[in-house]
Amino acid sequence: SYLTPRLIAEGLTLLSLALGLGLLHALDADHILAVSGLMSAHPNRAAGRRFCLRWAAGHGLALLSIGAAVLWLGMALPAAFNTYAEGLVGLALLVIAAGVWRDLWRRDIHLHSHAHDGLAPHAHWHRHGGANRTQHRHAHAAVLVGVLHGAAGSAPLLALVPLARLDSPWIGFVYLLVFAVGVAGAMLVFGGLLGAALEKLARDRARPLKLARAGLAVGAMGWGLVFLYGVTGR
């Protein structure tokens, strides 16, 4: 039999490694800041999960496409590919930061405080006009940013390095797939936690939520500049 205990053990070890690396890779600072900035305008747990899953879908699509091209077509990434991809990620982070700042200071975003019969006064985060269109647009942006992150430096390098020692392209592709599942799982948990935290801030008071969003914008802007400096400084 081709499936000896040793091969099975090695396969399980490899897939466990792929899953663990995917879980860790999802929590890179530039990933967290990008999805946090996009979802912060829609502070609730369900929206947080949706945004993170869409980002993970874009990330996985890019990663699996690159992996398939390398494994089956024998293609090699151009030397400048990662540089340009990282530059696009930096630009995307700056655009996300600018969008958050713009959103913070628009007059049609505010909290409505009111009370229902028998319930304590509470507030709702509210936007006049275009809220659904904005969320839909941000959802598409999450997929696009995920594609950029999947194509940029760390993801392909981290996932594709072990493939040089694999005999079958199918084994390599399964490795990439499990890696992508790990990324999606970690982002799903993160999206739920951050969405719940932002929802609580929106429900309690406006100022803490505003400060949290401003902090995310500053972080995204800082990492965007770091990425662009790294590209232009090479």
Side-chain angles (χ1 to χ4, degrees), residues 2-3 5-39 42 44-73 75 77 81-82 85-86 88-89 92-93 96 138-197 223:
Y2 291 107
L3 293 177
R6 179 180 177 181
L7 287 177
I8 293 174
E10 290 178 352
L12 291 176
T13 300
L14 182 65
L15 295 182
S16 298
L17 174 65
L19 182 65
L21 290 175
L23 291 170
L24 291 174
H25 178 72
L27 302 179
D28 282 357
D30 54 312
H31 301 167
I32 295 301
L33 289 169
V35 294
S36 299
L38 288 170
M39 63 177 280
H42 313 282
N44 66 80
R45 188 176 306 179
R49 290 185 181 131
R50 286 196 300 270
F51 275 96
C52 287
L53 282 180
R54 288 186 174 102
W55 178 92
H59 184 280
L61 176 64
L63 187 59
L64 293 175
S65 299
I66 293 171
V70 171
L71 288 169
W72 278 290
L73 301 180
M75 296 177 63
L77 296 177
F81 179 84
N82 289 330
E86 288 178 1
L88 289 174
V89 168
L93 287 169
I96 290 171
H138 284 179
H140 286 305
V143 177
L144 177 59
V145 174
V147 169
L148 293 178
H149 273 125
S154 58
L157 290 176
L158 183 61
L160 293 174
V161 165
L163 303 183
R165 297 176 177 266
L166 300 178
D167 297 327
S168 169
W170 284 106
I171 297 176
F173 193 78
V174 171
Y175 173 91
L176 288 177
L177 184 60
V178 173
F179 182 91
V181 169
V183 170
M187 292 303 286
L188 180 63
V189 173
F190 170 77
L193 292 175
L194 181 62
W223 273 100

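Heavy atoms only: backbone and side chains are in, while hydrogens, waters and symmetry mates are out.
Atoms CG and CZ, on L194 and R49 in that order, are 12.0 Å from each other to the nearest 0.5 Å. Taking CD of E86 as the start and NE2 of H149 as the end, the distance is 10.0 Å to the nearest 0.5 Å. To the nearest 0.5 Å, atoms CH2 (W55) and CG (L144) are separated by 12.5 Å. To the nearest 0.5 angstrom, L148 atom CG is 11.0 Å from D30 atom CG. Atoms CG and CD1, on L38 and I96 in that order, are 4.0 Å from each other to the nearest 0.5 Å. Within the model, atoms NE2 of H31 and CZ of F190 stand 12.0 Å from one another, a figure rounded to the nearest 0.5 Å.
Counting only distance, with no hydrogens or angles, the side chain of N44 and the backbone of A47 share a donor-acceptor pair below 3.5 Å.
When every heavy atom of A34 is checked against every heavy atom of V145, the shortest pair comes out as CB-CG1, 3.8 Å. When every heavy atom of G67 is checked against every heavy atom of L176, the shortest pair comes out as CA-CD1, 3.4 Å. Across all their heavy atoms, A152 and A85 have their closest contact at CA-CB, 3.6 Å. Minimum heavy-atom separation, G60 to A180: CA-CB, 4.2 Å. Scanning both residues, C52 and M187, for their nearest heavy atoms gives CB-O, 3.2 Å.
Between H59 and H25, the distance separating the two ring centers is shorter than 6.0 angstrom.
Residues F51 and V35 form no side-chain contact, since every pair of their non-hydrogen atoms from C-beta on lies 4.5 Å or further apart. Counting heavy atoms from C-beta outward, F179 and L64 have side chains that stay 4.5 Å or more apart.
Residue L19 is tested with V178, V183, L14 for a side chain to side chain contact (heavy atoms under 4.5 Å, CB included); the sole match is V178.
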*Give the C-alpha distance, both sets of side-chain angles, the deciding distance and a yes or no for side-chain contact (heavy atoms from CB on, under 4.5 Å) between Y175 and W170.*
CA-CA 9 Å; Y175 173 91; W170 284 106; over 6 Å; no
